[in-house]
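Remember, it's a predicted structure, so these values are computed and weren't measured experimentally. The figures that follow rest on heavy atoms only: side chains count, while hydrogens, waters and symmetry mates do not.
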Amino acid sequence: MTDPLYQDTLPGGKHWSFVLKAGTLLRLTDLEGGANVGMLFYNPLNLLERYNAPDTLKCQHTFKLTRGNCLYSDMGRIFCSIVEDDIGWHDTVCGNTTKAMVAGRWGTKSYQAARNDWQQNGHDSFLVEGGKYGLTGRDLCANVNWFSKVVAQEDGAMAFDPDNSKAGASLGLRFEMDTLVLLHTCPHPLNPATDYPRRPVLYQLFRSPAVTEDDFCRNARPENGRGFANTHLYQLFGA
């Protein structure tokens, strides 16, 4: 892999957004271990098209996300594919922390009192970033939580694995269409940590090689082949 086109570190408990072009690879690296990156995807040319967690899971017959999985829009197109993964399990069912959750678990720290050490939450982080593009609360949907693992126990309860991601673990997302990405590094809603967890994440942007017919993600599921075809058609004709 060549040197990144751009890179930066996002501290824990922060948020960011950008539009990534098709053919871009976004690599995320958990610098200290125990990170969580909440992420949402939208079509920047039609913000009504956004990430669809139920379709992503059911069409690939999975509960978790890992290498080979594709992330689908509600139009049956593929925003991005997971082409690299050191972790093996990423959550896309548990959603976000809210202001009330953070206050109840870790207390309240306002920006006015704590400045950059205030305790942000995932829901409000998405609202701040989405607002830059005209998105509101009604536009938020179920998000991905990269680096986080949640399993269903025998009694149906959800169990969070605090040791899922180690320091230096990374994943790579290859974007198959132009995509507005909203992200934050706020805690996972099931994180049981005593203190508000702040885990920094390095993000790097690269040019990605063209997708070939024998591409692992394209062929991981028969449904993915159709998803790539839908995405190709949209790129050709915008429909």
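- Contact check on Glu84 versus Arg27 returns a salt bridge, with a Lys/Arg side-chain nitrogen under 4.0 Å from an Asp/Glu carboxylate oxygen.
- Of all the heavy atoms in Asp139 and Gly134, the pair that sits closest is OD2-O, 4.3 Å.
- A distance-only check finds a donor-acceptor pair linking the side chain of Trp106 to the backbone of Ala193 [under 3.5 Å].
- Asn219 places no side-chain N or O within donor-acceptor distance of the main-chain N or O of Phe216, the cut-off being under 3.5 Å.
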Practice task
Test Asp124 against Asn121 for side-chain hydrogen bond (donor to acceptor under 3.5 Å, both in side chains), laying out the working first.
Solution key: CA-CA 6 Å; Asp124 289 347; Asn121 65 84; 3.0 Å; yes
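- A cation-pi arrangement is not found for Lys64 relative to Trp146, the charged atom failing to lie both closer than 6.0 Å to the ring centre and inside a 45° cone about the ring normal.
- Using a 4.5 Å heavy-atom threshold, the side chains of His90 and Lys149 count as separate.
- In this structure, OG1 in Thr185 is found 11.0 Å from CZ in Phe147, a value given to the nearest 0.5 Å.
- In this structure, Arg50 forms no cation-pi arrangement with Phe41, as its terminal cationic atom is not both closer than 6.0 Å to the ring centre and no more than 45° off the ring axis.
- Ser165 and Asp30 share a side-chain donor-acceptor pair at under 3.5 Å.
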Practice task
Could you check Ser73 against Glu49 for side-chain hydrogen bond (donor to acceptor under 3.5 Å, both in side chains), going step by step and ending with a plain yes or no?
Solution key: CA-CA 6 Å; Ser73 81; Glu49 181 178 5; 2.6 Å; yes
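- Judged by distance alone, with hydrogens and angles left aside, the side-chain atoms of Asp91 form no donor-acceptor pair with the main-chain N or O of Val150 at under 3.5 Å.
- Side-chain atoms of Glu176 and Ser81 include a donor-acceptor pair closer than 3.5 Å.
- A salt bridge does not link Asp55 with Arg77: every distance from a Lys NZ or Arg NE/NH1/NH2 to an Asp or Glu carboxylate oxygen is 4.0 Å or more.
- Taking the six-membered ring for Trp and thresholds of 30 and 60 degrees, Tyr6 and Tyr203 have ring planes inclined between 30 and 60 degrees apart.
- Judged purely by distance below 3.5 Å, without hydrogens or angles, the side chains of Gln120 and His184 never pair a donor atom with an acceptor atom.
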